[in-house]
Amino acid sequence: MPYLHLRKGKDNQTLHLSPFQIGHPYAVIEELFRDYSLGDLRRLMEDIRETCMTTEQSSFHRAERRADYLLFHRRMEILFEIVWIIALQREKARCRHMRNHSNH
């Protein structure tokens, strides 16, 4: 698998990020978790998964498509969880920084 920076083309470009968001990715992460808890994201993903797996839509009739979707779903759950960890680490670091500077 190529390194991310070597992947070129329209499919590997951001579509929904503003220039500010591109320059401040941690702000985007923090905004996500201001709007949704980790449990909220899990419940939403479960609702989407259940809908996709029980729909009559033809793209999910083939077992390979369902397997691809389940792998994608799992990867999204892992992504949400690691982003959650990053957000928690940033928050803890910010609190330590504030505590250290308030003692001076």
Trainee: Run the side-chain hydrogen bond (donor to acceptor under 3.5 Å, both in side chains) test against D68 and tell me which residues pass, sequence neighbours left out.
Mentor: none
Trainee: Spell out, yes or no, whether F72 and V83 are grouped together once hydrophobic residues are joined by side-chain heavy atoms under 4.5 Å, including indirect joins.
Mentor: yes
Trainee: Is any NZ, NE, NH1 or NH2 atom of the basic residue among R94 and E30 found under 4.0 Å from an Asp or Glu carboxylate oxygen of the other?
Mentor: yes
Trainee: Less than 4.5 Å apart, any side-chain heavy atom of L70 and any of R49?
Mentor: yes
Trainee: Rounded at 0.5 Å granularity, tell me how far CZ in F33 sits from CG in L38.
Mentor: 6.0 Å
Trainee: Is there a donor-acceptor pair closer than 3.5 Å between any side-chain N or O of E50 and the backbone N or O of D47?
Mentor: no
Trainee: Say whether I78 and L41 are linked into one hydrophobic cluster, either directly or through other cluster members, by side-chain heavy-atom distances under 4.5 angstrom.
Mentor: no
Trainee: Between R43 and E46, is the closest basic N to carboxylate O distance under 4.0 Å?
Mentor: no
Trainee: State which residues pass side-chain hydrogen bond (donor to acceptor under 3.5 Å, both in side chains) with E81; sequence neighbours excluded, sorted by chain then number.
Mentor: R42
Trainee: Do any N or O atoms from the side chain of H97 and from the backbone of A93 form a donor-acceptor pair under 3.5 angstrom?
Mentor: no
Trainee: List for me each residue that meets side-chain hydrogen bond (donor to acceptor under 3.5 Å, both in side chains) alongside T51, sequence neighbours excluded, and say none if there are none.
Mentor: none
Trainee: Please evaluate residues I29 and W84 with respect to the criterion side-chain contact (heavy atoms from CB on, under 4.5 Å), reporting the C-alpha separation (whole Å), side-chain torsions for both, the decisive distance (0.1 Å), and the verdict.
Mentor: CA-CA 8 Å; I29 293 169; W84 174 254; over 6 Å; no
Trainee: Taking the side chain as every heavy atom from C-beta outward, state whether L79 and R75 have any pair of such atoms under 4.5 Å apart.
Mentor: no
Trainee: Is it true that M76 and I86 fall in one hydrophobic cluster, defined by side-chain heavy atoms closer than 4.5 Å?
Mentor: yes
Trainee: For the hydrophobic clusters of this structure (ILVMFWY residues joined by side-chain heavy atoms under 4.5 Å, transitively), does one cluster hold both I85 and V28?
Mentor: no
Trainee: Do Y26 and M98 sit in the same hydrophobic cluster, where Ile, Leu, Val, Met, Phe, Trp and Tyr count as joined when their side-chain heavy atoms come under 4.5 Å apart?
Mentor: no
Trainee: Would a 4.5 Å heavy-atom cut-off, applied to side chains only, mark D35 and D40 as touching?
Mentor: no
Trainee: Look at the rings of Y69 and H73 and say which category their plane angle falls in: under 30° parallel, 30 to 60° tilted, over 60° perpendicular.
Mentor: tilted
